[in-house]
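Single-structure report; data block below.
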2 protein chains.
Amino acid sequence: MATIRDVAKLANVSVATVSRVLNGSSKVSAQAREAVLKAQRELDFHLNANARTLARKDSEIIGVTVSDLSDPYFGSMVRACENAAHKLGCSLLVCQGLHEEQREIVAIENLLSHHCRGMIVHALTVPDERLSDYMRRVPSMVLINREIPGFEDRCVNIDNEHGEYLAVSQLIAAGHRDIAYVGSRHSILDAKERLAGYQRALKSHNLPLKPSLVVADEPLLDGGVRAAKELISRGVSFTAVAVYNDTMAAGLISVLNEKGISVPDDVSVVGFDDIMLARCLNPPLSTITNPVEEMGEAAVRLSSSLYHKDRQAAALPEFEVRFVSRKSIAPPPAKSWTDQLKERSSGKAGSHESKVSAAFRRAQLEAKQGK
Amino acid sequence: MATIRDVAKLANVSVATVSRVLNGSSKVSAQAREAVLKAQRELDFHLNANARTLARKDSEIIGVTVSDLSDPYFGSMVRACENAAHKLGCSLLVCQGLHEEQREIVAIENLLSHHCRGMIVHALTVPDERLSDYMRRVPSMVLINREIPGFEDRCVNIDNEHGEYLAVSQLIAAGHRDIAYVGSRHSILDAKERLAGYQRALKSHNLPLKPSLVVADEPLLDGGVRAAKELISRGVSFTAVAVYNDTMAAGLISVLNEKGISVPDDVSVVGFDDIMLARCLNPPLSTITNPVEEMGEAAVRLSSSLYHKDRQAAALPEFEVRFVSRKSIAPPPAKSWTDQLKERSSGKAGSHESKVSAAFRRAQLEAKQGK
DNA sequence: CACTGGAATGTAAACGTTTACAATTATAGA
DNA sequence: TCTATAATTGTAAACGTTTACATTCCAGTG
């Protein structure tokens with residue numbers, strides 16, 4: 001590999017001049033600039049980012065740890081991070097935690113050793129104290145979806161409790177009283193908050209909390225599938241389900257479809273996150289927007305400005321969550337799906353009549369929701 | 001930040017000893033090792049990866065460029081790359097091309113300047129010659145979904161032509177004759193090959209190629225939506241659609257659903273890639289598997305071994321594509337959806353009868369497909 | 001006791017940049 | 001022509017590691 005010295009020699013100038021040309025410093029004659037650029041082309045020379053970082057003591061790398069890059073939620077987040085990094089002239093170093101504590105720690109330590117300009121961590125399993133330790137030691141580290149006491153201004157979060165409250169309130173407004181909740185089995189901030197939002201919504205409408213209607217599983221497609229089966233197998237009747245995230249909701253809906261339980265005519269479903277998938281499901285899934293791209297971008301900017309000790313740039317914006325109405329919520333059916341299933345299995349005719357009335361009820365609701 | 005010198009001083013040894021401890025070299029007494037580790041903990045010291053890379057002349061970073069990290073196809077790919085990199089003790093530097101030539105070039109140059117251990121490029125818009133140039137200059141660069149003459153052994157590809165041939169053959173086997181094709185508007189390898197596979201399938205079954213049944217758009221959800229509308233607006237009748245990828249297929253299906261055209265009773269659909277979304281659609285989408293994770297892993301391994309000039313490790317495996325049967329393909333309807341739409345709009349009754357016969361036809365096909 | 005060999009440790013020169021600071025050259029004014 | 005000043009260029013010391021080579025230390029041997 002050619003070095004800056006080779007270029008200097010070929011262009012007949014000093015290394016300083018080459019460096020100046022390559023960094024766009026003004027203090028260089030047009031003649032020298034030409035010679036340098038020519039030599040650079042000839043040698044196919046590229047500045048060595050490592051050496052540059054070392055000499056400058058200012059990295060152009062922003063490190064990110066997420067659970068799983070193939071999860072569309074993180075996909076959107078990392079996309080936004082890369083974009084924001086690009087705007088700052090930086091590149092993204094990405095690690096995966098894969099839901100394992102050991103792997104998450106390796107990922108964080110790895111970023112640490114790269115002495116990144118910024119550091120954005122989404123850790124599911126690392127305990128608070130350890131994370132707190134890291135936060136203390138590296139001032140530019142920013143957390144996503146966690147809230148560590150004492151570091152609130154470096155934790156990027158949405159109001160999950162409020163979001164889930166919104167979601168469940170919509171189900172209640174549609175007339176549901178037996179509302180199940182499918183949660184995440186990881187006990188981090190958003191999981192706890194969303195469950196709390198579900199509970200508050202029920203309480204504030206004087207509905208009973210039935211533990212038999214709450215299940216938790218891995219926040220992935222298969223987790224949704226398992227949770228749905230578990231819920232159905234419990235034999236407790238429900239007419240609506242609020243789900244931790246859209247991916248689990250997709251799994252749940254696929255089980256309902258398989259069993260011939262119609263969404264939304266028999267069971268209404270509401271998700272969380274509003275990933276692309278939500279628009280593709282049939283029926284399209286009503287859900288809560290999660291401004292994950294804004295969060296990613298804000299995290300990158302915050303982290304980078306902390307690194308440069310910009311005090312004023314460090315404030316985080318408020319992130320808005322809101323309910324998106326699609327087609328997966330309808331008023332509860334006159335006859336619950338448990339009864340219908342019994343009826344069907346006892347050989348009665350298909351319920352064409354009930355489909356029509358379901359459509360009618362749906363139209364009513366939509367009118368009420370104002371579009 | 002503490003440096004290796006600080007650690008050496010505190011531990012009362014030389015920097016060489018510290019380095020040896022940190023790199024697991026055997027030539028160091030237990031006593032010294034202890035002292036070093038203690039000092040390291042005390043100072044919260046982390047080796048500087050940049051300095052290490054510089055001194056060792058062997059990077060531990062693998063660079064990857066993809067179009068869009070939020071695209072689930074690339075999500076899976078990058079996930080696999082990160083995993084493979086992790087196994088090699090490396091980290092991933094990720095850039096996005098975002099379907100713009102300028103941005104793709106910036107991304108590549110960026111990776112170049114990091115002097116990565118490996119370099120994996122998925123470029124949509126950079127022309128062959130330029131890519132060829134890069135390939136010549138950096139021996140460890142590996143291409144995904146491109147095939148540049150002279151560098152075949154560094155291009156990671158599946159047999160797209162064969163895959164699409166398989167997909168369309170399934171439609172033909174189900175009895176379809178009027179088969180539309182929704183392609184990608186980017187003219188790179190996989191787009192061309194998949195179109196060719198579609199054409200070969202028709203030809204080899206003596207079906208006519210109708211240009212009016214072929215559209216192309218952006219390979220994203222919205223592209224699928226637009227393509228579907230375009231196709232329908234042309235007023236040419238078709239009973240099946242083969243789509244460039246699952247994401248576009250999802251967009252297409254959502255339009256069909258909206259218009260009341262049933263999948264698969266009125267129109268059969270087959271996708272490509274088998275992303276998670278395919279399993280979540282209703283009906284679940286029949287598609288072609290794309291072993292994108294294996295490809296990502298293979299690309300990382302190949303790239304890293306090229307960097308170290310391992311000649312023998314450099315062979316690429318064959319990647320298998322196969323048809324996955326789900327529920328989106330049925331035999332063509334007795335009455336085409338264009339006629340049905342007319343009928344419906346002229347006020348006739350809903351076609352309950354036709355639904356039953358559709359179910360029957362579907363069952364027949366499934367029996368034929370052997371599951 | 002001198003000598004040998006091996007283990008443990010230390011010294012210092014890379015690695016490829018940036019950037020103060022010094023040195024040189026050019027420009028203009030006297 | 002000679003300064004004074006500004007513009008350009010060069011020199012060399014960092015930056016934080018690794019590692020070849022040199023040195024030191026000790027146990028074991030004759």
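Numbered from 1 within each chain, the chains take letters A, B, ... in sequence-line order.
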Would you please confirm or rule out a distance under 4.0 Å between OP1 or OP2 of C:dT17 and any side-chain N or O of A:S19?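 Answer is no, no contact under 4.0 Å.
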A:H114 NE2 - D:dT17 C1' separation (whole Å): 14 Å
Please report, rounded to the nearest Å, how far the C1' atom of D:dT17 is from the NE2 atom of B:H115. 18 Å
Are A:R146 and A:D128 ion-paired here, with the side-chain N under 4.0 Å from a carboxylate O?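 Salt bridge present between A:R146 and A:D128.
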Would you call A:D133 and A:R136 a salt bridge, using N to O less than 4.0 angstrom?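 Here A:D133 pairs with A:R136 in a salt bridge, since their nearest N and O are under 4.0 Å apart.
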Does a side chain donor of either A:N145 or A:D190 reach within less than 3.5 Å of an acceptor in the other side chain? yes
Should B:I62 and B:C116 count as side-chain neighbours, where that means a heavy-atom distance under 4.5 Å?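 They are not in side-chain contact.
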Heavy atoms under 4.0 Å is the rule here; annotate nucleotides 9-16 of chain D 5' to 3' with B where the base is hit, S where only the sugar-phosphate is, and - elsewhere. BBBB--BB
From A:R33 CZ over to A:R20 CZ, what is the distance, rounded to the nearest 0.5 angstrom? 11.5 Å
Rounded to the nearest 0.5 Å, what's the gap from CG on A:L93 to NE2 on B:H114? Could you check?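 Going from CG on A:L93 over to NE2 on B:H114, the span is 9.0 Å.
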Sequence neighbours left out, what pairs pass ring-ring contact (aromatic ring centres under 6.0 Å, His included) with at least one residue falling in residues 52-99 of chain A?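 Non-adjacent pairs meeting ring-ring contact (aromatic ring centres under 6.0 Å, His included): A:F74-A:H122, A:H99-A:H186.
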In degrees, rounded to 10°, what is the bend between the two ends of the helix from C:dC1-D:dG30 to C:dA30-D:dT1, using five pairs at each? 60°
When you measure from the side chain of B:R154 to the backbone N and O of B:M141, does any donor-acceptor pair fall under 3.5 Å? yes
